[in-house]
Protein chains: 2
Amino acid sequence: MKFRDNEAIYLQIAAYVGQNILLGKWPAEQKIPSVRDLAIELEVNLNTVMRSYEFLESLGAIYNKRGIGFFVSPDGHEKVKAFRKEKFIQQDLHDFFNNVYLLDISPEEILKWYQQFKKANYEPKPGKKNENK
Amino acid sequence: MKFRDNEAIYLQIAAYVGQNILLGKWPAEQKIPSVRDLAIELEVNLNTVMRSYEFLESLGAIYNKRGIGFFVSPDGHEKVKAFRKEKFIQQDLHDFFNNVYLLDISPEEILKWYQQFKKANYEPKPGKKNENK
DNA sequence: TGTAGTGTCATATTATACTATGACACTAGT
DNA sequence: ACTAGTGTCATAGTATAATATGACACTACA
């Protein structure tokens, strides 16, 4: 997996897991990949994934069954959403608006780009099957 | 100065300097604070500010006069704007839209918040003078 | 010609993230 | 009972950011 260099890898992995929960790919009570499997899949160290899971567990988004693995909490979806919204409002929004203002970008242009974004990333593509992986 | 913990301090300082250039507070050919002065003002180490200035110099936004100090490049405004726009388009925009989609926030709400942001941060406040510091 | 202000360089130390590796205990299923 | 899969713990090593200091060369100016 490709990682940005401006954020800790374990937080990007937590965001990746959170996104799968938010999108419903990993529903409540479902087992998520083991720390070893996800480490191999994302090509990072086992300890790094463990740090991500510890973080998500501290949010109450996932929980652990001894000897078995990690599972999405019954209210995992809400927990992830609450955390992301908090961060979004408190941090991302201000920086984003500041850039829009300083770079002199019109709100209309932003709206247009957003429509393109949705189409490109979340529109059902009729010709494809098995988008999961 | 308060720094976020999710981005290197020297980059946040570079962004701070860049913002002053974009806002016209520090026009072309004007001398910017010495590494020592800015280090004291922002309560960081001298070396950290030097790293910020090296970075901005590599962008062509500022340049150095030996023994005197750093100055805003003739096209410093454009250089800063080009860099920020590139980063904005390539990195920030996708994450922002992704959050808007996942958190189910309406574009109309974003627009409303943006108007509030502009009023709160960039509207001239009649009662105040000497906003610089 | 001092001297204060400037950037520059070198070294050492601390903290954190990430990696690498080995060992251990718990659980499920054979 | 054995075994495979799970999380957990401990230790060590590497890289980077940030700090703390001291020393040096250049420039402007009194």
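The chains referred to below are lettered A, B, ... by the order of the sequence lines, with proteins before strands, and numbering in each begins at 1.
- Look at CD1 on B:Ile32: it is 12 Å from C1' on C:dG7, rounded to the nearest Å.
- Between the base of C:dG7 and the side chain of B:Arg36 there is a donor-acceptor pair shorter than 3.5 Å.
- As a whole-Å value, the separation of B:Ile62 CD1 from C:dG7 C1' is 11 Å.
- Remark: C1' of D:dT19 and CD1 of B:Ile40 are 15 Å apart, rounded to the nearest angstrom.
- Side-chain contact between B:Phe55 and B:Ser58: present, with at least one pair of heavy atoms (C-beta onward) separated by less than 4.5 Å.
- The CE atom of A:Met50 sits 14 Å away from the P atom of C:dA17 (whole-angstrom rounding).
- In this structure, A:Asn47 atom CG and C:dT16 atom P are separated by 17 Å, rounded to whole Å.
- Annotation: of the two residues near DNA chain C, B:Gly67 and A:Tyr10, the 5′-most nearest-nucleotide partner is B:Gly67.
- For A:Tyr101 and B:Tyr122, the gap between ring centers is short of 6.0 Å.
- Because its NZ or CZ atom is both nearer than 6.0 Å to the ring centre of B:Phe71 and within 45° of the ring axis, B:Lys65 counts as a cation-pi partner of that residue.
- Phosphate proximity of C:dT19 to A:Thr48: present, with a side-chain N or O under 4.0 Å from OP1 or OP2.
- The main-chain N or O of A:Tyr10 is found under 3.5 Å from a side-chain atom of A:Ser52 such that the two form a donor-acceptor pair.
- The separation between B:Leu46 atom CG and C:dG7 atom P is 8 Å, rounded to whole Å.
- Atoms CD1 (B:Ile68) and P (D:dA25) sit 19 Å apart, rounded to a whole Å.
- Residue A:Ser34 has no polar side-chain atom (N or O) positioned under 4.0 Å from OP1 or OP2 of D:dG5.
- Closest to the side chain of A:Asn64, out of C:dA20, D:dC26, D:dG7, is D:dG7.
- When the nucleotides C:dT27, D:dG7, D:dA18 are ranked by their closest atom to the side chain of B:Arg51, D:dA18 comes out on top.
- The nucleotide whose nearest atom lies closest to any side-chain atom of B:Ala8 is, among C:dG7, D:dT6, D:dA18, D:dA18.
- Side-chain N/O atoms of B:Arg66 include none lying less than 4.0 angstrom from OP1 or OP2 on C:dG7.
- When the nearest nucleotides of DNA chain D are assigned to A:Glu57 and B:Leu11 by heavy-atom distance, the more 5′-ward of the two goes with A:Glu57.
- Aromatic rings of B:Phe96 and A:Phe88 (six-membered ring for Trp) have centroids within the 6.0 Å cut-off, being under it.
- In this structure, B:Asn45 places its CG atom 9 Å from C1' of D:dT21, rounding to the nearest Å.
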